[in-house]
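Quick notes on the structure that follows.
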Amino acid sequence: MPLETIIAPSILSADFGKLGRECIDTIEHGADWLHVDIMDGHFVPNLTFGAPVVTKIRERVPRPSTAMGKGTFDCHMMISEPHKWVADFKKAGCDLYCFHYEAAISSTAAESPEAKSDEKTTPKKLIKYIHSHGMKAGIAIKPSTPVDVLWDILEDSDEDARPDMVLVMTVEPGFGGQSFMASELPKVTALRGKYPNLPIEVDGGLSEKTIDQAADAGANVIVAGSAVFGAKDPADVISKLRAAVDSRRKSQL
Ligand SMILES: O=C(CO)[C@@H](O)[C@H](O)COP(=O)(O)O
């Protein structure tokens, strides 16, 4: 089955005073997923919200009827100890739990007593742990992390230890509205070259101006925050982003 184009607006740029309504509207405007930015003020220099808020927006946005289908909550966990929140986010309604490679290998996570006893850390163990909770698992890399760290994980002989999606950050995680870093696209090209069927997400600075470069590199899951929530006509932006990726992907087949 050919990879689908997925447009996942980042709700970091939504009006938090009416977050439920903004999420409903965004899906009605044609978005496939909601990209839910979870920040702990430690892994990144910004704070957002946790599972209680996700629970409330889940009550308003219909659950996907198929795995990774429309309405998927793509929770981007920009947090230091991603293994600690898996159960809470499953309960809250997360469908895809995307953690950072850098957080999973950090000494803080590896040295926590909980991690030692349960062996939930290291990227592969964490992926299995996320799968055991009935969620898809994503792994994200920051701009400073080379893509090479992912090969061993993506090649694991145990399918359960392999991620369902890779997220290549095209800005430093932490804030919306930053400039797109085209320097990160060779990572996407390398991933797509090896894995024609892997969902590859790009996040940061995506807009009508930068989408062609990301699509040319092979990204099929597009996160866009300020470009969608800052637009007069969000449905038009979502449709243009989708059309740009669709046309590039067709010409690559
Ligand atoms: O994870 C992040 C930032 O850390 C992103 O999801 C941003 O929220 C994307 O916002 P734009 O760059 O599209 O405005």
Side-chain angles (χ1 to χ4, degrees), residues 8-12 14 16 19-20 23 33-61 63-64 67-68 71-142 145 149-150 153 160-167 169 172-176 199 201 203-204 221 223 225:
S10 157
I11 64 171
L12 185 62
F16 282 8
L19 187 56
C23 290
W33 297 357
L34 291 179
H35 183 83
V36 181
D37 302 277
I38 307 298
M39 303 186 186
D40 65 355
H42 185 255
F43 182 73
V44 289
N46 197 5
L47 266 178
T48 55
F49 49 81
V53 171
V54 177
T55 302
K56 286 294 157 193
I57 54 176
R58 183 80 280 176
E59 285 170 10
R60 288 158 177 79
V61 177
R63 284 176 180 270
M68 296 169 107
T72 288
F73 277 14
D74 163 28
C75 294
H76 178 190
M77 309 304 291
M78 288 167 270
I79 62 174
S80 290
E81 298 188 296
H83 59 285
K84 282 193 174 170
W85 305 100
V86 171
D88 283 6
F89 273 74
K90 170 63 185 172
K91 199 167 164 216
C94 167
D95 305 291
L96 197 171
Y97 190 97
C98 185
F99 66 90
H100 267 268
Y101 167 85
E102 303 84 2
I105 59 155
S106 78
S107 54
T108 316
E111 284 165 13
S112 84
E114 189 194 356
K116 272 196 174 151
S117 60
D118 295 348
E119 298 202 321
K120 290 168 198 158
T121 55
T122 83
K124 291 179 191 178
K125 286 175 186 163
L126 185 50
I127 290 167
K128 286 178 82 133
Y129 184 59
I130 294 165
H131 285 156
S132 76
H133 282 74
M135 292 185 287
K136 298 290 183 187
I139 186 163
I141 52 171
K142 290 197 214 184
T145 302
V149 301
L150 297 176
I153 303 165
D160 202 30
R162 299 201 294 258
D164 304 288
M165 183 187 80
V166 169
L167 163 53
M169 289 303 297
E172 283 302 334
F175 300 93
E201 182 173 59
D203 178 10
V221 184
V223 176

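- Here the side chain of S80 pairs no donor or acceptor atom with the backbone of H42 at under 3.5 angstrom.
- Contact record, P64 with G71: CD-O, 3.7 Å, taken as the closest heavy-atom pair.
- By the side chain to side chain donor-acceptor pair (under 3.5 Å) test, K56 is found to be paired with E59, residues two or more places apart in sequence or in another chain being considered.
- Considering all non-hydrogen atoms of both residues, P82 and F99 come closest at CB-CB, 3.7 Å.
- With sequence neighbours excluded, the residues satisfying side chain to side chain donor-acceptor pair (under 3.5 Å) with D74 are H35.
- Looking at every heavy atom in both residues, A140 comes nearest to H76 through CB-NE2, 4.3 Å.
- Residue I139 holds its CD1 atom at 4.0 Å from CD1 of I153, rounded to the nearest 0.5 Å.
- Rounding to the nearest 0.5 Å gives a distance of 4.5 Å between CD of E201 and CG of L167.
- We find the CG-CD1 distance between L47 and I38 to be 11.0 Å, quoted to the nearest 0.5 Å.
- Listed by chain and number, the residues in a ring pair (Phe, Tyr, Trp, His ring centres under 6.0 Å) with F43 are H100 (sequence neighbours excluded).
- Residues forming a side-chain contact (heavy atoms from CB on, under 4.5 Å) with V86 (at least two apart in sequence, or on another chain): Y97, L126, Y129, I130, H133, M135.
- K128 is linked by a side-chain contact (heavy atoms from CB on, under 4.5 Å) to D158, D160, A161, counting only residues two or more places apart in sequence or in another chain.
- Residues D164 and P199 are not in side-chain contact: their nearest non-hydrogen atoms beyond the backbone lie 4.5 Å or more apart.
- Applying the side-chain contact (heavy atoms from CB on, under 4.5 Å) criterion to T145, with sequence neighbours excluded, gives Y101, E102, I141, K142, V149.
- The shortest heavy-atom contact between D37 and S10 is OD2-OG, 2.6 Å.
- Side-chain N or O atoms of D88 include none that pairs as donor or acceptor with a backbone N or O of A51 at under 3.5 Å.
- Taking both residues in full, the closest heavy atoms of I11 and C23 are given as CG2-SG, 4.0 Å, listed atom of the first, atom of the second, then distance.
- Atoms CG and SG, from L34 and C75 in turn, are 9.5 Å apart once rounded to the nearest 0.5 Å.
- Applying the side chain to side chain donor-acceptor pair (under 3.5 Å) rule to T72 yields no partners; only residues at least two apart in sequence or on another chain are considered.
- For V53, the side-chain contact (heavy atoms from CB on, under 4.5 Å) criterion is met by L19, F49, not counting sequence neighbours.
- Annotation: side chain to side chain donor-acceptor pair (under 3.5 Å) contacts of D95 (sequence neighbours excluded): R58.
- Residues G174 and M78 approach most closely at N-SD, 4.2 Å, considering heavy atoms.
- With a 4.5 Å cut-off on side-chain heavy atoms, K84 and M77 do not count as touching.
- Remark: side-chain polar atoms of D203 are not paired, donor with acceptor, to backbone N or O of M169 under 3.5 angstrom.
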